[in-house]
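A short write-up of the structure that comes next.
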Amino acid sequence: MDYDFQAIEKKWQQEWDKRGAYEVKNPTGEEPGKEPYYVLDMFPYPSGAGLHVGHPLGYIASDIVARYKRQKGYNVLHPMGFDAYGLPAEQYAIQTGQHPEITTEKNIKRYVEQLRKIGFCYDWKRSVRTCDPDFYRWTQWAFSQMFNSYYDTDRQQARPISELVSRWEKEDPTWQTLSEKEQQARLMDYRIAYLADTKVNWCPQLGTVLANDEVSEGLSVRGGYPVEQRVMRQWCLRVSAYAGRLLEGLDKIDWTESLKDTQRNWIGRSEGAEMQFNIKGQDEPFTIFTTRADTVYGVTFMVLAPESEYVQRVVTEEHKTEVEEYLAWVRHRTERERIADRKVTGVFTGSFAINPLTEKEIPIYISDYVLAGYGTGAIMAVPAHDSRDYAFAKHFNLPVIPLIEGADVSEQSFDAKEGRMINSGILNGLEVKDAIARMKAYIKEKGIGRVKVNYRLRDAIFSRQRYWGEPFPVYYKNEMPYLIPDECLPLQLPEVKDFKPTEDGQPPLGNAQVWAWDEKNNQVVDKALIDNTTVFPLELCTMPGFAGSSAYYLRYMDNKNDKALVSREANRYWRQVNLYIGGTEHATGHLIYSRFWNKFLYDLGCVCEDEPFKKLINQGMIQGRSNFVYRYIGEGASGNLYISYNLIENPEYKGKVQPIHVDVNLVHNDVLDVNAFRLWMPQYKNAQFVYADGSKMDEDNPYISMQQEKNYICGWAVEKMSKSMYNVVNPDDIVEHYGADTLRLYEMFLGPLEMSKPWDTNGIDGVHRFLRKLWNMYENISDGEPTKEELRSLHKLIKKVTWDIEHYSFNTSIPAFMIAQNELSALKCNKRAVLVQIAVLLAPFAPHIAEEMYHRCQNDGLVIDAEWPEWNEQYLEESGVKYPVQFNGKVKFTIELPKGMSKEEVEKAVLATEDAGKYLNGNAPKRVIVVPDKIVNIVL
RNA sequence: GCGGCAUUGGCGGAAUUGGUAGACGCGCCAGACUUAGGAUCUGGUUCGAAAGAGUGUAGGUUCGAGUCCUAUAUGCCGCACCA
């Protein structure tokens with residue numbers, strides 16, 4: 001019987017559904033329950049284009065682990081859901097008027113269909129989507145909790161804001177004298193979710209603000225539109241309060257070093273000192289932050305960020321106009337301009353500071369190379385040892401004092417933190433490292449500063465001026481925000497007539513008619529009723545994409561719960577994600593926000609682990625592999641002649657051809673289906689070809705077949721997988737043509753999971769062939785006792801595959817199966833005892849065919865529930881000698897011997913060994929190697 | 001500029017703890033079966049005629065290095081005026 005993968009796959013997918021084979025249960029009551037294991041994929045945003053062949057890569061890997069762990073006897077949680085809020089659906093809605101809910105629904109349906117075909121073992125009953133009110137009520141709930149919490153820096157955890165209030169009531173006499181509004185304003189500075197006027201990344205084309213990780217080089221990551229800086233009143237999350245814990249937490253989790261480094265980089269801890277500098281003629285000093293306390297003696301000027309609050313204090317009357325002009329100029333510059341044009345700019349304030357060590361007067365400048373958001377927004381400039389200060393000093397002709405012996409600062413600064421200090425008073429003669437420590441101690445002692453740790457991580461801006469997102473559970477009374485009570489959640493996203501912002505620049509929710517809060521009756525009412533005494537306006541912004549994706553992994557644990565995001569019991573059982581697989585693009589976004597969110601919930605006591613993802617693997621990107629045809633554009637070109645790739649370097653054609661993308665689906669193993677090409681697009685209808693052998697197409701009979709050995713070879717290149725390159729491969733087509741099992745195997749076979757690699761269909765036949773050959777082994781199963789060789793093959797395979805899965809090295813398992821298949825079919829093995837085990841081992845990788853093969857051996861039960869076999873070393877070893885290998889008539893093996901033997905003694909001992917003697921035949925070994933302890937290598 | 005990762009045949013890639021380099025697959029070559037082959041099966045395939053050489057390059061540690069160390073080149077990724 002042929003390997004009819006279509007029938008097999010359909011049959012078993014239906015069977016699994018029927019039996020509810022992948023439904024996962026939380027343990028109930030007294031019953032101890034199996035050991036839990038939680039494997040998670042980063043849930044996708046369901047785009048209109050559907051899945052391409054790159055998306056399932058990580059899903060296949062996690063599916064293999066999930067199935068393996070099941071077979072190992074774990075209770076495995078392996079869910080899938082959808083990150084359903086997002087910009088594309090909204091933009092589509094603006095263009096077409098189609099409600100985003102409808103497009104999203106349609107796209108999800110398509111995704112589910114595509115995923116189902118690949119045979120993943122998801123428990124679809126646990127699926128979540130971020131745009132479901134049942135889901136986003138918990139996103140809103142978490143926001144409310146953040147609003148009602150502050151970060152206690154002494155205890156290093158979030159605490160209820162009511163604690164702060166009662167403390168102030170007791171300890172701060174001014175608190176009682178404040179009006180309600182003033183009290184609210186003061187609390188706003190402490191809340192973890194707070195409203196603030198902040199400089200934001202505003203993207204006019206998208207009509208919304210963006211978080212820092214959504215902006216790259218002054219352009220929006222999505223769409224690539226220019227982004228400008230604006231001050232707006234926005235919701236923010238106090239992520240920065242968690243900077244220290246987010247950094248320390250990295251040591252507890254099993255992520256790759258490079259990903260941890262990216263996060264460390266983003267958090268950007270730097271240890272330094274805050275120092276106070278007096279301003280000439282003023283009493284109040286101002287504070288700067290530096291990591292180079294050792295260079296104080298070389299400070300020749302000070303610089304403030306343009307937005308610094310110190311600016312107004314230090315500007316003198318006669319410099320006022322100049323400074324104002326500069327500030328105005330800085331303000332109108334976009335982020336993009338700043339990056340593109342990094343020339344030195346700045347202005348003198350007219351004031352002078354006093355260097356606390358040298359007592360010298362130094363001028364204070366303003367420049368946009370100093371950032372307001374970092375440190376104190378003010379620096380001490382040491383031009384000799386900081387390249388930015390150096391550039392500034394050269395431009396404004398300020399003095400440069402070298403502080404390190406032997407450093408030549410006539411052309412450029414010496415930034416390295418090494419060498420011996422000079423010109424530095426009490427630090428002279430010290431190494432830089434020691435000088436930093438000495439100076440820190442000194443400033444503490446003299447009370448002119450303190451040791452300080454700074455983080456680069458900023459608070460997350462949490463408002464988006466968009467429609468398709470979670471509404472804030474917030475209304476405004478007396479211009480201050482108040483929460484909608486938890487029991488009224490979810491606050492459902494209202495209907496709007498138009499998804500565009502309103503004409504007066506309000507977010508799209510400004511178009512909603514029924515969008516006001518009746519405080520008395522606790523309900524949403526028509527906004528015409530707003531009277532600001534009982535009915536109040538609701539927040540018009542919605543939450544950003546990362547809101548819904550920050551805690552979704554918790555919801556899977558208990559997705560039907562309508563009392564809590566996740567019950568205590570469910571969370572105690574599943575605890576955290578054991579294995580999380582997804583792309584690197586979330587390294588500084590989702591993976592920071594999720595960790596923050598989880599730590600906040602941990603502080604609240606809602607979750608029992610303070611890190612959400614124990615082990616994380618970043619699967620590589622699958623790039624496209626584009627194919628090209630080469631149009632002849634030389635003399636007498638008709639524009640219709642295409643030259644085979646192998647000929648384009650010939651003198652006849654060299655430099656006279658133009659590569660043109662051709663749909664990869666018309667190409668097989670780089671050979672063009674010329675007939676399909678002619679039918680592909682009208683302009684290729686009359687295409688003529690010069691084939692690989694140099695012959696031209698027969699004009700009378702253009703529709704030649706492949707039989708004539710006239711191939712047209714295409715060129716290729718690795719590019720991003722995209723429609724415009726005609727290199728998108730749809731998994732549906734692969735499943736149709738080769739089957740889901742082949743697709744799964746082949747994606748794994750392509751290379752290491754974590755590496756980026758091009759999708760190249762050229763090898764897929766080999767994998768498919770393997771499955772077919774394996775299939776044929778199951779034709780005539782017999783019940784005989786397996787031989788030693790057969791068992792050796794089998795146990796080698798068990799050992800290898802087990803090791804591979806445990807180490808997430810899936811690409812090396814497929815060859816192991818191929819080897820086993822080769823060996824066993826060479827041995828003509830058809831023993832049930834062997835074949836059934838092969839099916840069990842193959843089940844995580846190619847579940848459908850494994851299920852069918854298992855069925856042929858067993859007749860009942862599901863292979864996915866079959867116990868994972870153990871290997872037995874006994875079958876792998878040979879009589880006392882460990883791992884003897886024969887090759888080219890030589891033998892090499894290792895034997896354990898006592899320490900301290902001489903070479904001669906070893907030789908004798910080796911010859912005395914029965915097994916060695918067998919190989920040596922009484923001859924002296926050519927080489928004997930004694931490695932420190934007792935391992936010996938013998939080469940004959 | 002800072003940080004991380006990579007570099008092995010014609011190609012994708014194996015080599016798990018420092019111990020047979022090139023597993024497995026593609027491609028290619030030869031053969032078989034075929035009217036036919038883009039099907040299937042069998043054998044061969046690192047380079048070199050051979051001696052030999054060989055894991056980007058140059059050194060080092062080691063009995064032994066693709067693997068460890070030092071320098072260097074190239075490519076990819078992340079961050080980037082963060083004091």
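Just so you know, these numbers use all the heavy atoms, side chains as well, and skip hydrogens, waters and symmetry mates. Bear in mind that the values here come from a model prediction, so they are computed numbers and not experimental data. Numbered from 1 within each chain, the chains take letters A, B, ... in sequence-line order.
Between the side chain of A/Asn627 and the backbone N or O of A/Asp663, no donor-acceptor pair lies under 3.5 Å. For A/Ser756 (side chain) and A/Gly620 (main-chain N/O), no donor-acceptor pair under 3.5 Å exists by modelled atom type. In this structure, the side chain of A/His385 does not engage the main chain of A/Thr295 through any donor-acceptor pair within 3.5 Å.
For A/Gln263 and B/G3, the CD to C1' distance is 15 Å, given to the nearest whole Å. Rounded to a whole Å, the NZ atom of A/Lys796 is 15 Å from the C1' atom of B/U16. Straight-line distance from the CD1 atom of A/Ile617 to the C1' atom of B/C5: 16 Å, rounded to whole Å.
Nucleic acid contact for A/Asn265: base, since at least one base atom lies under 4.0 Å from a heavy atom of the residue. Among the heavy atoms of the strands, none lies under 4.0 Å from A/Pro758. Residue A/Leu750 is classed as a sugar-phosphate contact, given heavy-atom separations below 4.0 Å to backbone atoms only.
Side-chain atoms of A/Asp415 and A/Ser387 include a donor-acceptor pair closer than 3.5 Å.
Between B/A83 and A/Ser270, a contact under 4.0 Å exists linking OP1 or OP2 to a side-chain N or O. Listed pair A/Arg772 / B/U40 meets the phosphate criterion, a side-chain N or O lying under 4.0 Å from OP1 or OP2.
For A/Lys800, the listed nucleotide lying nearest its side chain is B/U16; candidates were B/U16, B/G4, B/G78. Which of B/A39, B/A83, B/G13 sits closest to the side chain of A/Phe289 comes down to B/A83. In this structure, of B/A80, B/G4, B/A83, it is B/A80 that holds the atom nearest to the side chain of A/Trp266. The nucleotide whose nearest atom lies closest to any side-chain atom of A/Lys757 is, among B/G4, B/G13, B/A83, B/G13. Of the candidate nucleotides B/C81, B/G13, B/G3, B/C81 has the atom nearest to the side chain of A/Tyr369.
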Would you give me the side-chain donor-acceptor pairs under 3.5 Å for residues 763-774 of chain A, sequence neighbours excluded?
| residue | atom | partner | partner atom | Å |
| --- | --- | --- | --- | --- |
| A/Asp765 | OD1 | A/Tyr738 | OH | 3.1 |
| A/His768 | ND1 | A/Tyr738 | O | 3.3 |
| A/His768 | ND1 | A/Thr742 | OG1 | 2.9 |

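Closest non-hydrogen pair, A/Tyr390 versus A/Val400, comes out as CE1-CG1, 4.3 Å.
Rounded to a whole angstrom, the distance from the C1' atom of B/U46 to that of B/G10 is 11 Å. Distance noted for atom C1' between B/G13 and B/A21: 13 Å (whole Å). Taking atom C1' on both B/U74 and B/U8, the two are 16 Å apart, rounded to the nearest angstrom. Separating the P atom of B/C69 from that of B/U17 is a span of 15 Å, rounded to the nearest Å.
Between A/Arg264 and A/Glu257 there is a salt bridge, since at least one side-chain N of the basic residue sits less than 4.0 Å from a carboxylate O of the acidic one.
Along RNA chain B, the nucleotide nearest to A/Leu371 and the one nearest to A/Leu259 differ in position, and the one closer to the 5' end is contacted by A/Leu259.
Under the salt bridge (charged side-chain N to carboxylate O under 4.0 Å, His left out) criterion, A/Asp2 pairs with no residue, sequence neighbours left out. Every residue two or more places apart in sequence or in another chain that forms a salt bridge (charged side-chain N to carboxylate O under 4.0 Å, His left out) with A/Glu271 is listed here: A/Arg269. Annotation: side-chain hydrogen bond (donor to acceptor under 3.5 Å, both in side chains) contacts of A/Trp871 (sequence neighbours excluded): A/Glu873. Applying the side chain to side chain contact (heavy atoms under 4.5 Å, CB included) criterion to A/Ser240, with sequence neighbours excluded, gives A/Arg238, A/Asp459. A/Lys343 meets the salt bridge (charged side-chain N to carboxylate O under 4.0 Å, His left out) test with A/Asp341; sequence neighbours excluded. For A/Ser809, the side-chain hydrogen bond (donor to acceptor under 3.5 Å, both in side chains) test picks out A/Thr812, with sequence neighbours left out. Every salt bridge (charged side-chain N to carboxylate O under 4.0 Å, His left out) that A/Lys452 has, sequence neighbours left out, goes to A/Glu274.
Proximity of residues 452-459 of chain A to RNA chain B (heavy atom under 4.0 angstrom from any strand atom) is restricted to A/Arg456, A/Arg458. Taking a 4.0 Å limit (strictly below) on heavy-atom distances, residues 295-304 of chain A does not reach RNA chain B anywhere.
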Would you give a per-nucleotide map of nucleotides 21-27 of chain B, 5' to 3', where B means the base has a protein non-hydrogen atom under 4.0 Å away, S means only the sugar-phosphate does, and - means neither? --BBSSS
How does RNA chain B look in dot-bracket notation if pairs are Watson-Crick or G-U with both distances under 3.5 Å, crossing ones as [ ], other-strand ones as |? (((((((..(((......[....)))((((((.......))))))((....))..(((((..]....))))))))))))....
Step by step, would you call A/Phe301 with A/Phe392 a ring pair (Phe, Tyr, Trp, His ring centres under 6.0 Å)? CA-CA 10 Å; A/Phe301 57 100; A/Phe392 195 86; 5.3 Å; yes
